[in-house]
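The structure appears right after this line, and notes come after that.
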Number of protein chains: 2
Amino acid sequence: MKASSSAAPTVLISEVGPRDGLQSVRATMPLAAKCAWIDALAAAGLREIEVGSFVSPKLLPQLADTADVVRHALRHPGLTVMALVPNLQGAQAAAAAGVHKITLPVSASAAHSLANVRRTPQQMLDEVRAVLAWRAEQAPQLAVEVGLSTAFGCTLQGAVPEDEVIALAEALAEAGVDEVGLSDTTGMAHPAQVRRLFTRLRAAIGDKAGAAHLHNTRGLGLANALAAWDVGVRTFDASLAGLGGCPYAPGASGNVVTEDLVFLFEAMGVATGIDLDRLIAARAPLAAGLPGEPLYGMLAEAGVPRGFVPATRIPA
Amino acid sequence: MKASSSAAPTVLISEVGPRDGLQSVRATMPLAAKCAWIDALAAAGLREIEVGSFVSPKLLPQLADTADVVRHALRHPGLTVMALVPNLQGAQAAAAAGVHKITLPVSASAAHSLANVRRTPQQMLDEVRAVLAWRAEQAPQLAVEVGLSTAFGCTLQGAVPEDEVIALAEALAEAGVDEVGLSDTTGMAHPAQVRRLFTRLRAAIGDKAGAAHLHNTRGLGLANALAAWDVGVRTFDASLAGLGGCPYAPGASGNVVTEDLVFLFEAMGVATGIDLDRLIAARAPLAAGLPGEPLYGMLAEAGVPRGFVPATRIPA
């Protein structure tokens, strides 16, 4: 018989700030600050963190020290250490550094794909197949996830046909990817669409249906998260303090704010395993490592309500 | 046979900024600016606006000119002109000014009720009965709505028993109130609670179940609105640019932002009758009338997505 506290439904919050957030800001956070920030995130109870990218340091100098960040993050037992990789070379570097899981970005929009990685979606699918063939031989323990960018619309191409999104997800699942998630890269998703597309995704690829990566560009981030939860999504990407902003929308936060998302779930009785006060405290090392960068998030401004009863009970 | 455009589901957005927003800011907006702002709101397609309060000008000098604002707002054909009144005297003044509808605030929390109107919930119920008795004799055309404050929790008293909220709603409906809505005065509501309480409200008082008045204090405003929509709520209060803030949470917006809420519904295919570009344009007279006051809202920062297809089609 389980203890009553474990009877609550659970959700996995995957923190992407150290990768998605830091690649979007102009300043480079020093290595020591990145490590202190990741320590604070782990102390708050986060169980999965995307700590960086294995891409050319010429393209993203902010993330050039990712291998060192990975090695530091691996000190936290029970923490899944993730990194983004754009290709086989990146996957090999990530595995050499010791990451548990890699995520490859594949755009559903051809226009976005060419702008982002200078390849068509079909070429990226071939790249993912190359990664999977290498994994089978050399790194069978490495988890491989794909996030389908611009799954809900594209600022370059406009609407993205849902049939194309689902066909791409099916091809990736058949190729052997462990999980395929959907990303609202451009902040264009709405709840009815989120419900429809994640329902179709699960119908198409079953348990390989992965994370919801939602943005709050137009304020709909948490409403979309609720919609995704309603149709069975159980992994959500988020960024502490909404770090990253949105280059084409000054003042608008980009990623869904981790603190607000965790509060949403904890309030609804869904256990995240995360302590809200410690999570808010993890904004301090972020702010210290990126002086002057704006931090977003409503919960941190208003505070946890007095007498709030979270779903996650953490021993003091 | 209806035109295809009218086949979309519809929702009523009730703009409360000129009352709820203006009473929460320190500055007083000049009468001419209030009128220009209301004109812009009506031009955007809003069909119901709470234009002020009939309370003592000593308590709320910002709203001392409400009778003049009402007279101006009545020039807009088809617009429901509302005002908040705390008592019979206010109701009589509102009716004399010509409002179509009054709203009375009744707190579900005794502690909040005493702090806000210096009366217990039971005493406020008696006051509502006095208003209804007067209406029956003197103002049968006047619609009477009650918003149940602190229905989802209270910063003074903590949790508010749901049974007490529903019992109060039943007593008000039996007394003859036309609509009873639920207000998340303190920004403590979450989607599971919103679904549960509005479902209970409709089971208890049927079609007298009224508006959702939601706050965005901790970022859950639109998620809560989605939850309320899911269980049949079809009227939502909101405030342009989230005007009003939240006195105990600096930097945190108070009321749900009208622009973001309208975008949520229009994106989901629910017609509001409101034109998003004209709604965003209505921020200009607000800003002009309250120089220096911070304006909130994500949609206005990011803009309507290129190629966006709203549910409401307004002839150019």
Side-chain angles (χ1 to χ4, degrees), chain A residues 152-159 186-195 215-227 229-230 242 246 248-254 256-257 259-261 263-270 276 296-309, chain B residues 152-159 186-195 215-227 229-230 242 246 248-254 256-257 259-261 263-270 276 296-309:
Chain A
F152 299 92
C154 173
T155 37
L156 298 170
Q157 130 176 359
T186 55
M188 292 165 77
H190 63 78
Q193 183 188 23
V194 167
R195 286 180 178 147
H215 281 218
N216 198 37
T217 316
R218 293 177 179 87
L220 271 53
L222 292 195
N224 286 334
L226 176 66
W229 168 261
D230 285 343
C246 190
Y248 50 85
S253 75
V256 162
V257 174
E259 308 89 291
D260 295 359
L261 182 68
F263 178 69
L264 168 75
F265 284 118
E266 291 289 330
M268 287 204 297
V270 178
L276 279 170
Y296 300 99
M298 304 297 286
L299 180 73
E301 295 274 1
V304 178
R306 210 157 49 97
F308 179 73
V309 180
Chain B
F152 299 92
C154 172
T155 38
L156 300 170
Q157 131 175 359
T186 56
M188 292 165 77
H190 62 78
Q193 185 188 22
V194 166
R195 286 179 178 148
H215 281 219
N216 198 36
T217 315
R218 293 177 179 85
L220 272 53
L222 292 195
N224 286 333
L226 176 65
W229 168 262
D230 285 343
C246 191
Y248 51 84
S253 75
V256 162
V257 174
E259 307 90 293
D260 295 359
L261 183 68
F263 178 69
L264 169 75
F265 284 118
E266 291 289 330
M268 286 204 298
V270 178
L276 279 170
Y296 300 99
M298 304 297 286
L299 180 73
E301 295 274 0
V304 177
R306 210 157 50 94
F308 179 72
V309 180

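Below, chains carry the letters A, B, ... as their sequence lines are ordered, and counting in each starts from 1. Since this is a predicted model, take the numbers as computed values, not measurements.
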Requested in this report: Among B:Gly153, B:Ala267, B:Ala192, single out the residue with the greatest number of heavy-atom pairs under 4.5 Å to chain A.
Outcome: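 Among the listed options, the one with the most contacts to chain A is B:Ala267.
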
Query raised in the report: Among B:Gly307, B:Gly303, B:Gly158, which residue forms the greatest number of heavy-atom pairs with chain A at distances under 4.5 Å?
Result: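 Max contact count across the listed options: B:Gly303.
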
Query raised in the report: So which of A:Arg195, A:Glu259, A:Met188, A:Gln193 has the largest heavy-atom pair count under 4.5 angstrom toward chain B?
Result: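 Of A:Arg195, A:Glu259, A:Met188, A:Gln193, A:Arg195 has the most heavy-atom pairs under 4.5 Å with chain B.
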
Report task. Under 4.5 Å, counting heavy-atom pairs only, tell me which of A:Gly297, A:Pro305, A:Gly219 racks up the most with chain B. Result ->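 Of the candidates given, the most pairs with chain B belong to A:Pro305.
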
Report task. Report the distance from atom CZ of B:Arg218 to atom CG of A:Leu222, rounding to the nearest 0.5 Å. Result ->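 Taking CZ in B:Arg218 and CG in A:Leu222, the distance rounds to 13.5 Å.
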
Nearest heavy atoms of [X] and [Y], plus distance in Å:
X: A:Pro191; Y: B:Met268; answer: CB-SD, 3.7 Å
X: B:Leu226; Y: A:Ala223; answer: CD2-O, 3.4 Å
X: A:Leu220; Y: B:Asp260; answer: CD1-O, 4.0 Å

Query raised in the report: Which region of A:Asn224, side chain (C-beta onward) or backbone (N, CA, C, O), has a non-hydrogen atom less than 4.5 Å from a non-hydrogen atom of chain B, or is it both or neither?
Result: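 Neither part; nothing is under 4.5 Å.
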
